[in-house]
Amino acid sequence: MRVVLATSNPGKVRELKAGLEPLGWTLLSLADFPLRMPKEEGSTFLENALLKAAYVARATGLPALADDSGLEVFALGGEPGVYSARYGGRETDRERNVYLLERMRHLKGEERRARFVAVLVLAYPDGHAEAYEGSVEGVILEAPRGEGGFGYDPLFFIPEAGKTFAEMSLEEKARYSHRGRALQALLKAYEKGPPPREISRLE
Ligand SMILES: Nc1ncnc2c1ncn2[C@H]1C[C@H](O)[C@@H](COP(=O)(O)OP(=O)(O)OP(=O)(O)O)O1
Ligand SMILES: [Mg+2]
């Protein structure tokens, strides 16, 4: 199967390519189809992922896989959530990390718990779409650690691993991460070919 990765985020492309390898799909990207992507105006990760995947599937005539994901800090009522990519209007990952630390300055210990959520939507040109979700809990450190990954990875610490996502290899991050878990769900659904449509159609 030929599938277009409907993301402009190089960090996501890297993780999706590695995670989908067992399926043997031919993966294309937005570099192969220069499209102007729709505004992500949904109020949930699912809505935004569906918006992106459905748009690219229609525009290319090929199945398309989109990822919408974000960080939810419990003590901040789920911030930054669906605003993770533009938190505080900050333009770069580094600036958004600084902004998040600022917002969390008053929070100590258990109050720094957070989760990462990823929703993958695989949309087909005929309008059929499927969603796969993954999440992981961790703690937001008081200073960044590690050079790998992207986004809030240098601040997101997994106690069980004793590392942030930015200190993990691609393989190790895939085992723990929200996106890795969503990919595992997709892989399981597709291990014997496309799953029956009636159980996976999005309304
Ligand atoms: N321009 C924007 N303004 C406000 N919020 C945004 C904007 N773009 C994305 N978001 C929100 C939607 C998502 O839930 C969250 C994380 O962004 P997300 O779209 O997953 O990452 P991304 O934009 O880096 O990759 P992608 O190319 O896959 O869309 O931030
Ligand atoms: Mg986006």
Side-chain angles (χ1 to χ4, degrees), residues 5 7-21 40 42-49 52 65-121 131-187:
L5 298 181
T7 175
S8 331
N9 183 317
K12 290 186 189 178
V13 170
R14 196 162 54 234
E15 294 181 18
L16 293 173
K17 280 192 168 160
L20 293 169
E21 221 176 285
E40 296 174 45
S43 54
T44 62
F45 299 123
L46 177 61
E47 281 178 68
N48 284 334
K52 292 185 275 193
L65 182 69
D67 166 304
D68 204 71
S69 46
L71 178 69
E72 296 179 340
V73 178
F74 300 120
L76 296 180
E79 268 185 45
V82 293
Y83 301 107
S84 293
R86 289 294 298 273
Y87 197 29
R90 303 302 195 271
E91 294 293 332
T92 66
D93 283 348
R94 193 179 291 266
E95 288 169 334
R96 284 187 285 272
N97 283 348
V98 169
Y99 183 72
L100 177 67
L101 289 177
E102 187 73 12
R103 300 274 297 164
M104 293 182 66
R105 222 174 20 188
H106 62 294
L107 301 172
K108 297 288 165 212
E110 286 286 293
E111 296 169 339
R112 301 185 69 87
R113 287 192 316 116
R115 67 170 187 172
F116 257 132
V117 180
V119 177
L120 297 178
V121 169
Y132 302 93
E133 184 172 340
S135 66
V136 57
E137 281 198 27
V139 173
I140 304 301
L141 296 182
E142 293 184 10
R145 273 174 49 174
E147 302 297 324
F150 66 98
Y152 302 94
D153 284 357
L155 294 177
F156 195 85
F157 182 79
I158 303 285
E160 186 190 335
K163 291 178 183 180
T164 68
F165 278 160
E167 293 176 310
M168 294 183 185
S169 65
L170 195 63
E171 297 72 28
E172 195 178 5
K173 184 183 171 191
R175 272 208 301 283
Y176 289 101
S177 79
H178 50 315
R179 186 167 301 103
R181 288 176 178 173
L183 278 164
Q184 285 158 28
L186 188 158
L187 250 54

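Please read these numbers as outputs of a predicted model, since none were measured by experiment. Hydrogens, waters and symmetry mates are skipped; everything else that's a heavy atom, side chains included, is used.
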Note to self: Quick one, K163 with E172, criterion salt bridge (Lys or Arg N to Asp or Glu O under 4.0 Å). Give me CA distance, side-chain angles, the key distance, then yes/no.
What the structure shows: CA-CA 10 Å; K163 291 178 183 180; E172 195 178 5; 2.9 Å; yes
Next item on the list: For side chain to side chain contact (heavy atoms under 4.5 Å, CB included), just list the numbers for D68 and T44, CA-CA rounded to whole Å, side-chain angles, deciding distance to a tenth of an Å, and then say yes or no.
Entry: CA-CA 9 Å; D68 204 71; T44 62; over 6 Å; no
Next item on the list: Assess whether side chain to side chain contact (heavy atoms under 4.5 Å, CB included) is satisfied between M104 and E142, documenting all intermediate values.
Entry: CA-CA 9 Å; M104 293 182 66; E142 293 184 10; over 6 Å; no
Next item on the list: Take L187 and Y132 through the side chain to side chain contact (heavy atoms under 4.5 Å, CB included) test and state the conclusion after the steps.
Entry: CA-CA 10 Å; L187 250 54; Y132 302 93; over 6 Å; no
Note to self: What verdict does the side chain to side chain contact (heavy atoms under 4.5 Å, CB included) test give for N97 and T92, after you've listed the backbone C-alpha separation in whole Å, the side-chain angles of each residue and the deciding distance to 0.1 Å?
What the structure shows: CA-CA 9 Å; N97 283 348; T92 66; over 6 Å; no
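Remark: the S69 side chain and the R179 side chain contain an N/O donor-acceptor pair separated by less than 3.5 Å. Side-chain contact, Y87 with E95: no donor N or O sits under 3.5 Å from an acceptor N or O. Side-chain atoms of N9 and T7 form no donor-acceptor pair, as typed in the model, at a separation below 3.5 Å.
Considering every non-hydrogen atom in both D153 and G148, the closest pair reads CB-O, 4.4 Å. Nearest heavy-atom pair, A118 versus A182, reported as atom, atom and distance to 0.1 Å: O-CB, 4.1 Å. Heavy-atom minimum distance, P159 versus G138: CD-CA, 4.4 Å. Of all heavy-atom pairs spanning A49 and V119, the tightest one is CB-O, 3.6 Å. Scanning both residues, V82 and S43, for their nearest heavy atoms gives CG1-O, 3.8 Å. In terms of heavy atoms, D93 sits closest to G151 at OD2-N, 2.9 Å.
Between the R145 side chain and the A166 main chain, no donor and acceptor come within less than 3.5 Å of each other. The backbone N or O of K12 lies less than 3.5 Å from no partner atom in the side chain of E15, so there is not a single donor-acceptor pair. Without hydrogens or angle criteria, N48 side chain to G42 main chain gives a donor-acceptor distance under 3.5 Å. A distance-only check finds a donor-acceptor pair linking the side chain of S84 to the backbone of L71 [under 3.5 Å]. Distance alone, capped at 3.5 Å, is enough to place a donor-acceptor pair between the K52 side chain and the D67 backbone. In terms of modelled atom types and a separation under 3.5 Å, the side chain of R112 and the main chain of L141 share a donor-acceptor contact.
Put simply, CG on L183 and NZ on K17 are 14.0 Å apart, with the number rounded to the nearest 0.5 Å. R103 contributes atom CZ, which lies 15.0 Å from atom CZ of R96 (distance to the nearest 0.5 angstrom). Remark: K173 NZ to I158 CD1 distance equals 10.0 Å, nearest 0.5 Å. The distance from the CZ atom of F74 to the CD atom of E110 is 10.5 Å, given to the nearest 0.5 Å. In this structure, OH on Y152 lies 8.0 Å from CZ on F116, to the nearest 0.5 angstrom. The CD atom of E111 sits 7.0 Å away from atom NE2 of H106, with the distance rounded to the nearest 0.5 Å.
Just one of R113, R115, H178 meets the side-chain hydrogen bond (donor to acceptor under 3.5 Å, both in side chains) condition when paired with E137; it is R113.
Residues Y176 and E160 form a side-chain contact, since some pair of their non-hydrogen atoms from C-beta on lies under 4.5 Å apart.
Within a 6.0 Å sphere centred on CD of E21, heavy atoms belonging to other residues, nucleotides or ligands number 12 at most.
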